[in-house]
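Data block below; observations after.
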Amino acid sequence: MKTKMTAFYGMFLALALVAGYVERLIPINLGIPGVKLGLANIVTMVLLYTAGIKAAVCVTAVRILLSGILFGGGFSMVYSAAGAALSILVMVILKKTKRFSCVGISVAGGVFHNVGQILVAAVVLETGALVYYLPVLILSGLGAGILIGFLSGFMIQRLEPVIRETLER
């Protein structure tokens, strides 16, 4: 069972890393630094809905660490970790209420990911002026969250029976 779970996590980790890398190749230049689609978050959403909180948190944490080592640096890991931690916390809470759709939970995750990053940036740079940047990032989190939510919902619908069967074996 342990070997199967390691392979399961590894497969989703690889998917998340590839999605993150592909996203870096997509030229999104809105004149606003930090605006991203968050394609790797599809993996987080799929895991959250099909394999549970532990799987989503573990794969996301290792993805952030490896992405930082491979493509970014120390600061990118800190910002990503802060955003992901707040995002997953909010998504888990909202999912447990059973009042929100996959899209709604994804939107909240996208928005709070940006809030987490702004909070860390404000602490690191020792300025509260970054709060003025928050409305722009909230809008980008809203847009990205809608897209990621629709894509995640589609993937969850298709993959849930297969993932559940795999985890039960």
Side-chain angles (χ1 to χ4, degrees), residues 9 11-50 53 55-95 100-125 127-156 159:
Y9 283 15
M11 179 184 67
F12 279 96
L13 174 60
L15 286 170
L17 284 169
V18 168
Y21 179 72
V22 167
E23 182 174 19
R24 292 177 191 278
L25 300 176
I26 299 170
I28 298 178
N29 187 2
L30 303 174
I32 306 163
V35 173
K36 299 185 337 178
L37 290 175
L39 294 177
N41 294 325
I42 294 171
V43 174
T44 302
M45 290 287 292
V46 168
L47 287 172
L48 187 61
Y49 273 82
T50 61
I53 298 166
V57 169
C58 287
V59 169
T60 300
V62 176
R63 174 186 58 86
I64 289 167
L65 178 67
L66 290 177
S67 290
I69 292 168
L70 294 171
F71 313 120
F75 280 120
S76 71
M77 281 191 273
V78 171
Y79 291 124
S80 293
L86 190 55
S87 174
I88 289 175
L89 176 66
V90 168
M91 290 191 300
V92 166
I93 290 168
L94 294 181
K95 185 176 179 294
F100 297 91
S101 68
C102 186
V103 172
I105 290 171
S106 176
V107 166
V111 168
F112 278 92
H113 183 88
N114 290 337
V115 169
Q117 288 187 324
I118 284 291
L119 290 174
V120 167
V123 169
V124 169
L125 299 174
T127 179
L130 291 175
V131 173
Y132 295 111
Y133 190 47
L134 200 52
V136 173
L137 288 180
I138 287 173
L139 287 175
S140 75
L142 177 75
I146 291 170
L147 176 65
I148 297 304
F150 277 119
L151 293 173
S152 297
F154 176 78
M155 299 292 289
I156 291 163
L159 293 175

Candidate pair Met45 and Met155, rule side chain to side chain contact (heavy atoms under 4.5 Å, CB included), full reasoning: CA-CA 9 Å; Met45 290 287 292; Met155 299 292 289; over 6 Å; no

Considering all heavy atoms, the nearest Ile26-Leu39 contact: CD1-CD1, 4.1 Å

Where Tyr9 and Cys58 come nearest, the two heavy atoms and their spacing: CE2-CB, 4.0 Å

Non-hydrogen atoms of Asn114 and Ser140 that approach each other most closely: ND2-OG, 3.5 Å

Under 3.5 Å donor-acceptor, Glu23 side chain and Ala40 backbone: no

Closest non-hydrogen atom pair between Leu134 and Ile118, with its separation: CD1-CG1, 3.8 Å

Closest contact, heavy atoms only, Ser152 versus Asn41: OG-O, 4.4 Å

From CA spacing to verdict: side chain to side chain contact (heavy atoms under 4.5 Å, CB included), Val43, Arg63: CA-CA 10 Å; Val43 174; Arg63 174 186 58 86; over 6 Å; no

Criterion side chain to side chain contact (heavy atoms under 4.5 Å, CB included) on Tyr21 and Val18, from CA distance to verdict: CA-CA 5 Å; Tyr21 179 72; Val18 168; 5.6 Å; no

From Leu47, Val62, Thr60, residue fulfilling side-chain contact (heavy atoms from CB on, under 4.5 Å) relative to Phe12: Leu47

Beyond-backbone contact of Leu13 with Leu66, side-chain heavy atoms, under 4.5 angstrom: yes

Rounded distance (nearest 0.5 Å) linking atom CZ of Arg24 with atom CG of Leu70: 9.0 Å

From Leu89 atom CG to Leu94 atom CG, the distance as rounded to the nearest 0.5 Å: 9.5 Å

Spacing of SG belonging to Cys102 relative to CZ belonging to Phe154, to within rounding of 0.5 Å: 12.5 Å

Side chain Ser76, main chain Gly73, donor-acceptor under 3.5 Å: yes

Crowding at CZ, Phe71 (>12 non-hydrogen neighbours, <6.0 Å): yes

Non-hydrogen atoms of Leu17 and Ser67 that approach each other most closely: CD2-OG, 3.3 Å

N/O donor-acceptor pair under 3.5 Å between Ser106 side chain and Val103 backbone: no

Interatomic distance, Leu48 atom CG to Ile88 atom CD1 [nearest 0.5 angstrom]: 7.5 Å

Criterion side chain to side chain contact (heavy atoms under 4.5 Å, CB included) on Val57 and Val92, from CA distance to verdict: CA-CA 10 Å; Val57 169; Val92 166; over 6 Å; no

Over 12 non-hydrogen atoms of neighbours within 6.0 angstrom of CZ in Phe112: no

